[in-house]
Amino acid sequence: MKPQAALLTALLACTAIGAQAQEKVLNLYSARHYQTDEALYANFTKQTGIKINRIEGKEDELLERIRNEGANSPADVLLTVDAARLAAAHELGLFAPVKSKLLETRIPAYLRTDDWFSFSTRARVIVYNKAEVKAEQVQNYEDLANPALKGKFCSRSGSHPYNLSLMASVIAHDGEQKAESWARGLVSNFARTPKGGDTDQIKAVAAGECGVAIANSYYVARLMRSDKAEDKKVMEKVAVVWPNQKSGGTHINVSGGGMLKYAPNKAAAVKFLEYLASDEAQRYFADGNNEWPVVASVKVKNPALEALGPFKVDTLPVGSLAMYRAKAQVIFDRAGFR
Ligand SMILES: [Fe+2]
């Protein structure tokens, strides 16, 4: 090769490498799939020039996939729902610690850990049939174990992360013994064997098959905002309680995410997490699923959430929910809450 040609080849090679390094991408594994997410991601690309490759999947499948891909995983960020699941990802060692002044300032301490962050919150509320149950009977999670409610309580499975996270909070507050007798009380109040999702419980309460149930707030909000006549009828029959307002506050759970240990694009990953805590992204993120932003100064205009009114939040650190997750399952199993 002539010296000139060699120089040209070398120059071309440099350009190619340069172009590759400059093609900024973020590989996002997400268990979220809401309409507002399109705008959420498009705005990030507009602001940063970083293109998002999104892989959507069910929560547990995504965890399994990242685990199987191991060090070869292209995933930079995992977004999913429920503190128990985020805790599982942490325990599997899937996340990398993120140090960010911005995230520390924007997200309250109880809603983050060293390696994953909450970006929206949802509450686990009590829903009761107004004709079957009196409001004063169901003001606290503890009340649901009261023998006066025998044959009236409905729930989804005790193995579901939403119930495991609630149980974890009960263990953290009241200790294992009280938590177990609560679980036994719930089981002896069952109107039926646990089945279905939260919306099924709300519908069963409206139909009178159950007197009272627990459900995530966004399922309630979704029914409240529905135009379907059948959903309107459901909401006419039921009332919603913010539990434990005179004690520790209502249990909340979160949507959140973190940067993955083998993320090939770590700088982009941190930028994306920081973007999710921005005012604009917070609004999209919360609104997509009738949730609340984690950044206190950000307000959403959601007619259903506004109608439900303000409430006292249980500010137990999300890390504690994680700590008692395994114990919660053992207690539910022992109590027969399957
Ligand atoms: Fe859900």
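Just so you know, ligand 1 is whichever comes first in the structure, and atom 1 is the first atom listed for that ligand.
Atoms of the protein (N, O or S only) found under 2.8 Å from the Fe ion (ligand 1) are Tyr162 OH, Tyr218 OH, Tyr219 OH.
Put simply, Val220 and Val300 are part of two different groups of oily side chains (I, L, V, M, F, W, Y) that touch within less than 4.5 Å, one to the next.
Between Tyr41 and Phe272, the two ring planes are tilted [angle within 30° to 60°]. Ring planes of Phe44 and Tyr275: tilted class, angle from 30 to 60°.
A cation-pi arrangement, defined by a distance under 6.0 Å to the six-membered ring centre and an angle within 45 degrees of its axis, is present between Arg32 and Phe285.
The backbone N or O of Glu69 sits nowhere less than 3.5 Å from a side-chain atom of Ser73 that would complete a donor-acceptor pair.
Counting heavy atoms of neighbouring residues, nucleotides and ligands inside a 6.0 Å radius, atom CZ of Arg334 exceeds 12 of them.
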